[in-house]
Amino acid sequence: MRHLRIIHRYLPIRHYTMHLMVGAVAFSSLAGAGTTGLIVLIHRKISGEPMSVPYPVLVFFALLAGHGLLGIAAVIISQKTAQRFGLDLQIQMSRRYLNTPVKVIEGLGVSRTMTWFTQLKDALVDFSVRLHSIVSESMMLIGLLVYMGWLQPVLLAVFLAFLGIGCLVYLLPLDAYRRYRQRLYEACETYNSKFHDMVHGVKELAQSEVKKHALLHRHLIPAGERQMNVFMRITWMDACLGRWADIYALLGLGFVLFFLSEEMSLTSENLRDFPLLSLLTLGPIKTIIITIFQLQHLKFAIDQHARIGLNLLEDTPPAMAKDSPWDGARSLHLQLSDVIFTYPHTDRGAPFTTGPVSLTIDGPKIVCVTGGNGSGKSTLARRLCGLYTPDAGSITVNGLRVDEENHVAYRQLFSVIFFDFYLFDTLLGLEHLSIEDLANAYARRLMLSHQVSVRQHAFSTTGLSQGQHRRLALLHARMEDRPIYLFDECAADQDPGFKAVFYREILQELKRDGKIVFVITHDDAYFDVADQLIKLEDGRVTETSTMFSATPLR
């Protein structure tokens with residue numbers, strides 16, 4: 001029952017999917033009952049007992065047709081249910097993944113996230129695929145046991161006792177099964193990590209035969225071998241348990257025929273029905289026991305997600321952007337008051353704290369943020385745009401404190417190009433706007449029109465250099481037209497000519513349009529464009545200055 005409660009809690013069932021599932025259960029139940037009816041009819045015919053139904057031949061063919069048609073319908077509906085359920089599950093997990101705090105995702109890494117995402121999805125979908133067979137086999141087992149009890153109540157009691165002992169033996173290796181599942185997950189995670197290295201580091205590997213050989217023979221192949229070995233251990237366990245079911249059934253049958261029959265003085269007539277009926281129960285029993293192990297796999301996958309903090313199935317509504325309290329504001333007043341954020345783990349082995357940071361920014365304004373590597377610039381960027389929630393302190397916009405109620409709306413104030421940005425090949429989120437002409441005009445401004453154009457809200461190509469990728473990201477950000485812009489080393493990888501355009505023209509245009517612009521940069525030659533300069537060191541603001549002022553705007 002505990003496992004069923006887990007399934008009931010975590011299956012993302014819509015009304016349409018629920019109707020399919022009910023249909024699959026109904027057809028499977030009827031198919032199982034029809035199979036039992038066929039077995040009873042055949043058994044009574046073989047034993048020479050009088051038939052209790054008129055026209056047994058017609059009943060036989062009716063049951064046979066029902067067995068075939070209902071079974072086919074059950075399989076088709078179950079597969080449809082599984083496919084519908086799998087899609088619903090992917091959508092739900094994707095939605096909740098996107099609402100998982102960035103700090104949690106960054107701590108897990110791409111390979112680990114994809115491993116757990118895939119394993120949980122496979123476990124849930126596998127269970128839904130087996131739903132029809134579980135129901136059908138269970139109905140068949142119940143019918144056979146009832147029929148066996150009607151024929152020989154004493155032998156049914158013996159059979160159930162023997163079956164109970166056998167099930168207890170089956171449950172003994174559950175702990176070992178869980179341990180091997182843990183090892184398989186870890187092995188898959190390691191292999192996926194090395195495969196990720198191979199795909200994303202292909203240029204470095206192609207340049208160095210030493211690196212290529214080391215990755216392949218010292219990491220990728222051993223990780224694949226370990227994954228295969230652990231999987232074979234699980235397969236070995238499944239095979240042994242499956243064969244044990246056959247052996248145990250025959251052992252029980254032999255025990256009744258050769259030992260118990262003499263003790264109970266059972267005649268051949270009493271024993272005539274027992275062998276056939278007991279063997280027919282073997283298939284349903286094996287199906288049910290295999291399902292128990294599958295439920296263990298599913299529970300383990302869910303527990304692992306909770307353990308690592310990636311609660312993709314957590315029953316909480318996704319965060320939704322409500323009407324922004326800052327809509328219609330002609331200018332923004334942004335204030336950070338003693339904001340502190342702490343990384344729980346770092347390579348240095350101790351927590352790394354940034355802050356307290358206190359800043360006051362009145363728009364429109366250009367703010368340059370500088371500092372050495374590891375000074376906390378990127379962390380400040382993530383705090384500013386709302387990806388990281390401060391551990392202490394507060395952020396206010398136009399006097400309104402950013403809290404749980406409005407933090408989604410607060411994030412929508414920003415258009416951000418992170419240092420480790422990802423370039424989408426479409427103007428994502430802008431498909432409803434007629435901006436293609438404007439986007440192509442801006443591509444010319446960014447010196448990209450001879451290489452890329454915007455067609456149907458998509459870039460004609462993204463096969464460009466890293467610096468040109470940053471310009472495309474800048475184009476996308478400009479089309480969003482948000483009140484606050486944050487550029488983390490956006491001028492990196494750019495030629496000197498475009499750097500001048502970026503600092504002297506593009507930033508000034510954004511300011512003229514009333515934007516607050518944060519620019520994280522090492523380009524001290526362009527600090528003069530800033531209305532405010534902020535210097536960070538060890539996560540703290542060590543200098544704020546307004547002595548660098550841009551050319552007065554007209």
Side-chain angles (χ1 to χ4, degrees), residues 94 97-115 117 192-205 309-310 341-348 352 354 357 367-389 411-412 414-429 446 448 459 462-480 482 484-495 498-499 502 506-507 517-523 534 536 538-539:
S94 298
Y97 173 83
L98 292 172
N99 284 282
T100 300
V102 172
K103 183 172 67 172
V104 175
I105 301 298
E106 290 179 339
L108 294 174
V110 175
S111 300
R112 193 178 191 190
T113 301
M114 291 305 300
T115 299
F117 194 106
N192 289 342
S193 174
K194 300 308 174 185
F195 192 82
H196 180 272
D197 291 344
M198 182 187 72
V199 172
H200 292 273
V202 64
K203 295 186 296 294
E204 290 78 4
L205 295 172
L310 189 62
F341 178 81
T342 301
Y343 281 103
H345 302 288
T346 68
D347 293 338
R348 286 175 274 181
F352 176 63
T354 62
V357 175
V367 182
C368 284
V369 182
T370 188
N373 293 331
S375 61
K377 301 187 300 299
S378 294
T379 302
L380 176 62
R382 285 166 166 77
R383 281 186 295 169
L384 272 173
C385 65
L387 289 184
Y388 290 171
T389 303
R411 288 204 301 265
Q412 311 318 300
F414 287 80
S415 188
V416 185
I417 300 178
F418 298 103
F419 178 74
D420 54 347
F421 73 99
Y422 181 83
L423 179 66
F424 296 97
D425 60 0
T426 63
L427 295 176
L428 204 62
L446 298 176
L448 293 172
F459 297 126
T462 57
L464 306 172
S465 68
Q466 182 67 11
Q468 291 167 328
H469 276 178
R470 290 186 187 277
R471 296 188 209 179
L472 286 181
L474 179 59
L475 186 155
H476 193 172
R478 190 66 182 96
M479 294 300 103
E480 289 182 318
R482 301 286 177 86
I484 305 177
Y485 282 79
L486 195 157
F487 303 130
D488 190 350
E489 299 291 355
C490 194
D493 306 316
Q494 305 296 338
D495 59 77
F498 184 77
K499 279 191 177 184
F502 174 74
I506 293 176
L507 296 185
V517 186
F518 291 94
V519 185
I520 298 176
T521 179
H522 289 98
D523 293 328
I534 298 172
L536 294 177
D538 292 330

Could you give the distance from [atom1] ([X]) to [atom2] ([Y]), rounded to the nearest 0.5 Å?
X: Leu384; Y: Ile484; atom1: CG; atom2: CD1; value: 8.5 Å
X: Phe341; Y: Arg382; atom1: CZ; atom2: CZ; value: 9.5 Å
X: Met479; Y: Leu428; atom1: CE; atom2: CG; value: 15.0 Å
X: Arg383; Y: Leu380; atom1: CZ; atom2: CG; value: 5.5 Å
X: Leu448; Y: Phe459; atom1: CG; atom2: CZ; value: 9.0 Å
X: Leu475; Y: Leu427; atom1: CG; atom2: CG; value: 6.5 Å

Taking the six-membered ring for Trp, are Phe487 and Tyr485 parallel (under 30°), tilted (30 to 60°) or perpendicular (over 60°)?
tilted
Under the side chain to side chain contact (heavy atoms under 4.5 Å, CB included) criterion, do Val519 and Val369 qualify, and how do the steps go?
CA-CA 6 Å; Val519 185; Val369 182; over 6 Å; no
Side chains of Ser378 and Asp488 only: does a donor on one sit below 3.5 Å from an acceptor on the other?
yes
Looking only at heavy atoms, what is the nearest atom pair of Leu486 and Ile520, with distance?
CD2-CD1, 4.3 Å
Where is the tightest heavy-atom contact between Gln466 and Asp493, given as atom of each residue plus distance?
CG-OD2, 3.4 Å
Verify, without hydrogens or angle tests, whether [X] (side chain) and [Y] (backbone) share a donor-acceptor contact under 3.5 angstrom.
X: Arg482; Y: Phe414; value: yes
X: Gln494; Y: Ala491; value: no
X: His469; Y: Thr462; value: yes

Any side-chain heavy-atom pair from Ile534 and Val367 closer than 4.5 angstrom?
yes
Quick one: are Leu423 and Asp425 in side-chain contact, heavy atoms under 4.5 Å?
no
How would you list, by chain and number, every residue that makes a side-chain contact (heavy atoms from CB on, under 4.5 Å) with His522, sequence neighbours excluded?
Asn373, Lys377, Glu489
Phe419 six-ring centre to Arg470 NZ/CZ under 6.0 Å and within 45° of normal
yes
Between Leu446 and Leu474, is a side chain to side chain contact (heavy atoms under 4.5 Å, CB included) present by the stated rule, with each step listed?
CA-CA 9 Å; Leu446 298 176; Leu474 179 59; 3.7 Å; yes
Around atom CZ of Phe418, are there more than 12 heavy atoms of other residues, nucleotides or ligands at under 6.0 Å?
yes
Please determine if Asp495 and Arg471 form a salt bridge, counting it only when a charged side-chain N lies under 4.0 Å from a carboxylate O.
yes
